[in-house]
Amino acid sequence: MLSTLQPPRSLTLLPFRRLHGSKTIASLASSSPTLDASSVSPPQSQILTTRRSLLSGETTASEIAKSYLSRIRLTEPQLKCFLHVSENVLKEAQEIDQRISRGEEVGPLAGVVIGVKDNICTEGMPSTAASRILEHYRPPFDATAVKKIKEMGGIVVGKTNMDEFGMGSTTEASAFQVTANPWDLTRVPGGSSGGTAAAVAAKQCMVSLGSDTGGSVRQPASFCGVVGLKPTYGRVSRFGLMAYASSLDVIGCFGSTVADAGMLLHAVSGYDRFDSTSSKQDVPDFESQFLSMDSFESKPLKGVRVGLIRETLEEGVDSGVRSATQEAASHLEALGCLVTEVSLPSFSLGLPAYYVIASSESSSNLSRYDGVRYGNQVMADELNKLYDCSRGQGFGGEVKMRILMGTYALSAGYYDAYYKRAQQVRTLIRKDFKAALDHNDILISPAAPSAAYKIGEKKDDPLAMYAGDIMTVNVNLAGLPAIVLPCGLVEGGPSGLPVGLQMIGAAFDEETLLKVGHIFEQTLNGSGFVPPTLPNVA
Amino acid sequence: MSTTLFRTIQPNHFTLLTNALLRTRRTSRHISVRCQTSTTTQQSSSQQQQPRTSAPKNHGSNKLDEILKDYEAVIGIETHVQLSTSTKAFCSCPNSYGSHPNTSICPVCMGLPGALPVLSSKVVDFGVRLGLALNCSLSLKSKFDRKQYFYPDLPKGYQISQFDVPIASGGYVDVDIPLEFGGGHRRFGITRVHMEEDAGKLLHSDAGDYSQVDLNRAGVPLLEIVSEPDIRSGVEAAEYGSEMQRIVRYLGVSNGNMQEGSLRCDVNISIRPIGQAEFGTKVEIKNLNAFSAMSRAIDYEITRQALLYNQGQADQIVTETRLWDEGAQKTVTMRKKEGLADYRYFPEPDLPEVILTQEYVDSIRASLPELPEAKRRRYEAMGLGIQDVLFLANDVSVAEYFDEVIGKGADVKSAANWLMSDIAAYLKNEELSISDVKLTPQELAELIAAIKDETISGKIGKQILFELLAKGGTVQGMIKEKDLVQITDPVEIEKMIMKVISESPKQLEQYRSGKTKLQGFFTGQVMKMSKGKANPALLNKILLEKLNAKD
C-alpha cells in the first residue's frame, strides 16, 4: 500500500548532510543553478501526480486513501498531528473511483488527501480549534474553503492539531496533545498550524489547509520543511474559519511543493458572499506558473527584483538561519534575480502592534464561547458563575492571557494608548511595505529567527516565543501574500533541521511568489526535504 | 376625543424586561393621555399619583406645585426602531415577529464559530431615509463597531453597532403639541441616528429556576435615534415619541408598534434648579410601553427628584436605571450603575466601511414621501384647524386617504369632518383601521359631492356611508338602487306637507296655540313620508309657511 506514496526524494543526494556537524550547514544554494537533472529528482506536485495516475488508471483513489490511512496509523502515535481522522475517507475515495469507472468527470482535486486545521469548520466532523471549550463540537456547515475542496473532489482526511484558537507558535498550547516535529521528535513543529505542517511533512496527507494570523502557516512550514503559503488578506473566504483576529486571519495552504500549495490555493480562493472582507479580485490560474524544469531558461528569473529585508538579518537571528537566507539570496541572484537590500524602518514596531491588535480582536472574537449555546457548559446556579466556570475551565492559559491583554488594551482610558496606536503603526508598516514593493517584485527574509526548538523550551517564556514571530507578523499587518519554502538545513536533530525562506509579494500578486518559489525550489540542489524520523517507506 | 383616537390604541405590551416577563398583561386597550395644560402638567400628574406613591404623599398639590416650579427637567430620549426589512441585518434569516422560538435562526445570528456578518443593503437604505427625514447630515463614510458585554441573549458577546461615526447626526424634529396639552410648536434636536442589531430574548421559567433563550430577534436590524436633551416634560416626551412613530410609519421603515417592541423608548432624565447651567444626576427609565406611560413616568420622576432636592436629599438621586411599574404607577430601581459601563467599543473588523455616494443619497431624498410635519403645515395652509390637522396627519394611512379624497376634488372641510366624525367612530366601534374599509376615497369624494350638489341629503348621506364602509359599492349605484335622490321640487314637498297637516289636526291646533316645538313632529312626519329624501331646508321653509298660514 505504502508504495503508492510518493517515494521520498533521496536524502543521500543532499550535499549539506555531509556538512553535518559544522556550525552552519545551510550551504544549500548552488552557486551555479545550472541543473544536473540526473543527480537530483525535482520535487513533484502530488496533486498533479494524483490526477494523472487516477485518470490513467495507474492507481485508484481507494488505494491512495488506504496508503495514507496506514501511514497515519503508523506515524500518528509518535507525531500526534491529528485531533480527528475522518471515518469517511475510504467511502469518499470509492465514490471517486466509481465515477472514474463510469467515465464521469471528477474534480481537479479528486482523490487528493487533504488535512484541515481544526479551527476550520467541517460539517459533522469535530472542529474544536484545539480548545476544551469546543470539545466534541461539530459544526452544521463547512467553511467555504472546505466546501470548495470537497466540490473539487478533495478528501478531508482529518482535523489537525494546533495551538488553541491559533494562539501560539509551537502547538504546545493545544488543549489535547503536543505534536512532534517529524524532523526531530523532541522538537516542536511550530505553530499555530503545527499539526497541519507536520502532517504534510510526514506525508500523512498530500496538502493541508491552515490559518495564518501572525505567521501560523509560515513558521511551522519553516520548522517542518514544507511549503506554506499565506495568501493576501481577502483572497480566501474566512467564512467557517474560527476567528482569532479577524483583520489578520487568513486561510493558508501547505504542500510539499510550491505547485501543490499553489494549486490548493487556487482551489479555495475567490470572492464569497458570506465573507464581506473577501475580495472580488480575479483569481489567476496559478497552474501555468508551474513549468517543468526542462523548459527553464538559463536565467529563468531574469529581471525579477528581489529586496532582502535588512532588518530581518539583524541581531536575534540564528547565524545558521542568516547564512541560509543569504545563500538563498545568492541562489536567486544566480537564477537571474536582481537582489538588493531594502530597509523597512517600521519593521521592529510590528511585533508589539501585532500583539495589541491580535489580542484585542481575539478578546472580542472569543466572547461567543460562553457555554450558553454550544460547547462545554459548566452548570451553575447563577449566570456569572456559568460564564466564569465555562470559560475558566474551557480556555487554556495562553488564550486567557491574550483575552486579558486584549480586554485591557480596549478598555476605556487605554484604547488610545494601545489599540489606536497599534493601528497607527499598522498604517506605517503598510506604507513601508508599499514603498519597498514599489521598487521590488518580491521581498525576502527568513521565515523565523531560528529552526525548530525543543518541546518545552519556550513554554514558560511567552515573550521569547512571541519574539519568534517577528519575521511574519508584519506581513499580516500589511495584509500581503507570502510564501515560505525550505531553503536549507541547520544543525540539530538526527539529520539537521530545515530552515524556511519567506518571500513576500504585493497584494494579490501570489502569482509572482508562486513563479519565483517554484523555480527556486526546482533549481535548489537536493531540494527534497524529507524528515529522517519517518518509518522507511521506500 | 377624536384627536387621540388613532394614537392611543396602545395596549401595554408584553414587556421585554426580564423581571417583568411573567407579569400579567394589562387588558386595557385604550389609554388616553389625560387632558391637562402644560402649565399644570406636573401638578395634575402628581395629584394622580399621590395616593399610590410614597414620595409625594405628604405634600398637598399646591405645595408640590410650589416646589416643582423651581425646577426644570432635562430629558433626552433614545428610541430603538426595529426595521421592517424582510431579512435580519447580517444574515438572510427572515425578520418575522412572533415565530415559534428559535425557528428564524442560522449560524450567523446564533454566533456559531466561523460565521461572519454580511450587511443587508436595505438597512443602510432605511438608515439614510430616517436620517434625511430627521434633517440630519449623513456620514458618507461610516463604519460599524462592536459593543461588548456578556448576556445570554447576545450570541456573539458583542452587539454590532455604530459608535463614533453614526450614519446620520445633527438633525431635528418638529412637533405640534396637541391643544389639550397646551398646544404650540416645538423643535427637538436629534443628536444621531445609528444602525445596529437587536439581541434575542430570554424567557424565564415560572419558578425562576431556569431561563431559555430565543434568538429569533437576534440580528434584527435597528435604528437608534438619540435626541438632544431638549425635552422638558412628559407631554413633550410623549409627543416626541409619537412623532418618531409617525415618521417611521410614513417612511415605511418600521411598523412602529410599541406592543411588539418595534419601537422602544428609553428616557434619560435629570432635573436642575431653574437657572442652573449644569445638569443634575441622570436617571434612565425603561419599560415604557406606551407614550402615555412615558408621559406619566417622566412626570412621576420629575416629582420624585424635585422632592428629594427640596428635602435636601439630592444626593439620593443616583445614576441608575429605573423601571416604570405600570401597576403601581411609579418608577422603581432596576439597577444602579457603578461607574460608566465600559463596552470596549472597537471597529468591527468583519465588516467593511459603509460608503455612500452623493447620488445614492440624492436618489433616496427624492423618493422620500411627504413627512408628517410637511403634511401638517400643508393642511393648516388649506384652512383646517390644528385639531383637524393633528388628527389627519397623525396616521399615515388616514392622511393618505384624506389626500386622495381631496385629490378627487372633494371639499377639504367636509372631507375632514367625515373622516374625523362618522368614519372615525365607525373605525373605533369596529376596531378597524382606515385601510380595512370598503369605501374608496373616490366614493367618499362622490358622496361629499352628492350632498353638496343636493342630489342627496346629508342625512341620507350618513345612512349610506355606513353601508359603503362595510360593503363597498358606488354612491351613484346606491342612490339609484335605493331611489335616494333628494326631493327638491317644492310642489312635491308641499303636497306631502299638506297631507301630513291634514292628517294631524290635533297637533296643528296645538302648534297654532303656541306649542311651536311641534314643528319637529311635522318635519319628522314629512321626512318619513319622503323616506328621508325631502330637502330639509326646503321642507322647513315650506312647512313653516304652511303651519303659520292663517286660514
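Letters A, B, ... mirror the listed sequences (proteins, then strands); counts begin at 1.
Of the two parts of A:Ala412, the backbone and the side chain both hold a non-hydrogen atom closer than 4.5 Å to a non-hydrogen atom of chain B. Proximity to chain B (any heavy atom under 4.5 Å) is shown, for A:Pro139, by neither the backbone nor the side chain. The contact between B:Val118 and chain A is made by backbone and side chain atoms together, counting heavy-atom distances below 4.5 Å.
Most heavy-atom pairs under 4.5 Å with chain B: of the set A:Leu383, A:Ile120, A:Leu386, this distinction falls to A:Leu383. Residue with the most contacts toward chain B among A:Gly371, A:Gly375, A:Gly240: A:Gly240 (heavy-atom pairs, distance under 4.5 Å). Among B:Gly111, B:Pro347, B:Pro352, B:Gly157, the residue with the largest count of heavy-atom pairs under 4.5 Å with chain A is B:Gly111.
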Counting backbone as well as side chains, what donor-acceptor pairs lie under 3.5 Å between chain B and chain A?
from     : atom 1 : to       : atom 2 : distance (Å)
B:Met110 : O      : A:Arg373 : NE     : 2.8
B:Gly111 : O      : A:Arg368 : NH1    : 3.4
B:Gly111 : O      : A:Tyr374 : OH     : 2.6
B:Leu112 : O      : A:Arg368 : NH1    : 2.8
B:Gly114 : O      : A:Gly240 : N      : 2.7
B:Pro117 : O      : A:Ser276 : OG     : 3.2
B:Arg146 : NH1    : A:Ser364 : OG     : 2.8
B:Arg146 : NH1    : A:Asn365 : OD1    : 2.8
B:Arg146 : NH2    : A:Asn365 : OD1    : 3.1
B:Gln148 : OE1    : A:Ser364 : OG     : 3.2
B:Tyr151 : N      : A:Tyr387 : OH     : 3.3
B:Pro155 : O      : A:Arg373 : NH1    : 3.3
B:Pro155 : O      : A:Arg373 : NH2    : 2.5
B:Lys156 : O      : A:Arg368 : N      : 3.3
B:Tyr158 : OH     : A:Arg368 : NH2    : 3.2
B:Asp342 : OD2    : A:Ala412 : N      : 2.7
B:Asp350 : O      : A:Ser276 : OG     : 3.4
B:Asp350 : OD1    : A:Arg238 : NH1    : 3.3
B:Asp350 : OD1    : A:Arg238 : NH2    : 3.0
B:Asp350 : OD1    : A:Ser246 : OG     : 3.4

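By the side-chain contact (heavy atoms from CB on, under 4.5 Å) test, A:Leu404 pairs with no residue at all, sequence neighbours left out. The side-chain contact (heavy atoms from CB on, under 4.5 Å) check on A:Leu428 picks up A:Ser346, A:Leu349, with sequence neighbours excluded.
In this structure, B:Gly114 and A:Phe141 approach most closely via the heavy-atom pair C-CZ, 4.4 Å. Closest of all the heavy-atom pairs between B:Leu116 and A:Phe274 is CB-O, 3.6 Å.
For residues 88-115 of chain B, the ring-ring contact (aromatic ring centres under 6.0 Å, His included) pairs, not counting sequence neighbours, are B:Phe90-B:Phe144.
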